[in-house]
Amino acid sequence: MNPGLLKKCVAEFIGTFTLIFIGVGAIHNASDPTAGVGLLGVALAHGLAIAVMVSSTGGISGGHLNPAVTFGLFVGGKIKLTDSIAYWVAQLAGGSAAGFLLLSIFSANGVAIVAGGTPDLAKDVAQSTGIIVEAVMTFFLVFVVYGTAVYAHAPKIGGLAIGATITMDILFGGPITGGSMNPARTFGPALASGHWNNHIVYWAGPLLGGAVAGLICGRFLDRVNPRN
């Protein structure tokens with residue numbers, strides 16, 4: 001691996017680690033009714049984590065922090081296959097490291113807490129429905145990534161809009177699927193806790209949504225002259 005790609009992967013590792021570490025912790029805090037966190041607090045914790053880390057890593061790696069985002073950029077012709085694979089490894093490793101560190105922090109209750117912070121389907125929600133919900137939410141996310149961070153004429157607002165999209169999606173999808181939109185967000189805590197319930201949903205949905213957004217944004221909308 002060349003030094004430039006290694007630096008990008010380190011940034012992707014750190015950013016993804018942050019998302020899982022903060023996200024699982026926020027969900028745990030929300031389980032305490034006296035903490036006053038709730039769905040809005042969980043959504044904001046994830047959105048803020050993405051906003052600050054995308055802003056911090058954007059100038060290094062592009063701030064993907066999500067295999068579905070990387071896949072969407074690959075489908076849109078914005079990143080090479082070899083770099084995409086390296087990013088995926090870094091993202092999944094970052095999510096896993098966060099999951100295992102949380103196990104250690106929460107000690108005896110670690111497995112239950114990390115499992116509780118692993119996205120899963122609500123009762124009576126079918127896998128097919130979960131895949132559709134995750135795909136639509138991830139489409140929104142990757143669409144916003146292109147519109148605010150990829151296009152040359154994109155507004156220079158750092159990770160603000162991307163983090164806001166995460167918050168928006170979780171406010172809707174959190175009670176249905178857990179609002180993952182990110183295979184690493186599910187894989188890391190699942191690996192640490194052994195909670196693999198409905199795991200296919202959190203790969204199939206985000207990758208599908210990311211691919212469709214990549215095709216539309218990278219292969220069609222990117223050809224539009226912004227002056228028209």
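Bear in mind the structure is a predicted one, so any value in this text is a computation, not a measurement.
- By the 4.5 Å heavy-atom criterion applied to side chains, F139 and L208 are not counted as neighbours.
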Practice problem: Apply the test side-chain contact (heavy atoms from CB on, under 4.5 Å) to residues T165 and F143: give CA-CA distance (whole Å), side-chain angles for both, the deciding distance (0.1 Å), then the verdict. | Solution: CA-CA 10 Å; T165 306; F143 185 86; over 6 Å; no
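- Residues I22 and L101 are members of one and the same hydrophobic cluster, defined by side-chain heavy-atom contacts under 4.5 angstrom among Ile, Leu, Val, Met, Phe, Trp and Tyr.
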Quiz item: Are I113 and L102 close enough, and set up right, to give a side-chain contact (heavy atoms from CB on, under 4.5 Å), and what steps lead you there?
Solution: CA-CA 8 Å; I113 290 171; L102 287 165; over 6 Å; no
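- Tested against I50, the residues L160, N66, I162 include a single side-chain contact (heavy atoms from CB on, under 4.5 Å) partner, I162.
- Between the side chain of T118 and the main chain of H195, no donor-acceptor pair closer than 3.5 Å is present.
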Can you list, pair by pair, the side-chain donor-acceptor contacts under 3.5 Å of residues 80-88, counting residues two or more places apart and other chains?
{"residue": "S84", "atom": "OG", "partner": "K80", "partner atom": "O", "Å": "2.9"}
{"residue": "Y87", "atom": "OH", "partner": "S61", "partner atom": "O", "Å": "2.7"}
{"residue": "W88", "atom": "NE1", "partner": "P67", "partner atom": "O", "Å": "3.1"}

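- In summary, the side chains of T70 and Q91 do present a donor paired with an acceptor at a separation below 3.5 Å, with no hydrogens or angles considered.
- The shortest side-chain heavy-atom distance between P206 and F71 does not fall under the 4.5 Å cut-off.
- Contact detail for I131 and A204: the closest heavy-atom pair is CD1-CB, 4.1 Å.
- Note on V136: it clusters hydrophobically with L221, by side-chain heavy-atom contacts below 4.5 Å among ILVMFWY residues.
- A distance of 14.0 Å separates CG in L207 from OH in Y202, rounded to the nearest 0.5 Å.
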Output side-chain donor-acceptor pairs under 3.5 Å for residues 168-192, partner residues at least two apart or in another chain, one line each.
{"residue": "T177", "atom": "OG1", "partner": "E134", "partner atom": "OE2", "Å": "2.5"}
{"residue": "T177", "atom": "OG1", "partner": "G173", "partner atom": "O", "Å": "3.4"}
{"residue": "T177", "atom": "OG1", "partner": "G179", "partner atom": "N", "Å": "3.1"}
{"residue": "S180", "atom": "OG", "partner": "N182", "partner atom": "N", "Å": "3.3"}
{"residue": "S180", "atom": "OG", "partner": "N182", "partner atom": "O", "Å": "2.9"}
{"residue": "S180", "atom": "OG", "partner": "T186", "partner atom": "OG1", "Å": "2.9"}
{"residue": "N182", "atom": "OD1", "partner": "A184", "partner atom": "N", "Å": "2.9"}
{"residue": "N182", "atom": "OD1", "partner": "R185", "partner atom": "N", "Å": "3.4"}
{"residue": "N182", "atom": "ND2", "partner": "L65", "partner atom": "O", "Å": "3.0"}
{"residue": "R185", "atom": "NE", "partner": "H46", "partner atom": "NE2", "Å": "3.2"}
{"residue": "R185", "atom": "NH1", "partner": "G117", "partner atom": "O", "Å": "3.0"}
{"residue": "R185", "atom": "NH2", "partner": "H46", "partner atom": "NE2", "Å": "3.4"}
{"residue": "R185", "atom": "NH2", "partner": "G117", "partner atom": "O", "Å": "2.9"}

Exercise. Go through the steps to decide whether L19 and M53 satisfy the test side-chain contact (heavy atoms from CB on, under 4.5 Å), and finish with yes or no.
Key: CA-CA 8 Å; L19 172 65; M53 296 313 295; over 6 Å; no
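- Both I105 and I20 belong to a common hydrophobic cluster when Ile, Leu, Val, Met, Phe, Trp and Tyr are linked at side-chain heavy-atom distances under 4.5 angstrom.
- Between the side chain of Q127 and the backbone N or O of I200, no donor-acceptor pair lies under 3.5 Å.
- Looking at heavy atoms from C-beta onward, V201 lies in side-chain contact with N198 at the 4.5 angstrom threshold.
- Residues T57 and A11 share a closest heavy-atom pair of CG2-O, 3.6 Å.
- Under a 3.5 Å cut-off, the side chain of S104 and the backbone N or O of F100 do not form any donor-acceptor pair.
- Distance alone, capped at 3.5 Å, is enough to place a donor-acceptor pair between the N2 side chain and the L5 backbone.
- Put simply, the side chain of V69 reaches to within 4.5 Å of the side chain of L141, judged on heavy atoms.
- A donor-acceptor pair under 3.5 Å links the side-chain atoms of T18 to the main chain of I14, judged by distance alone.
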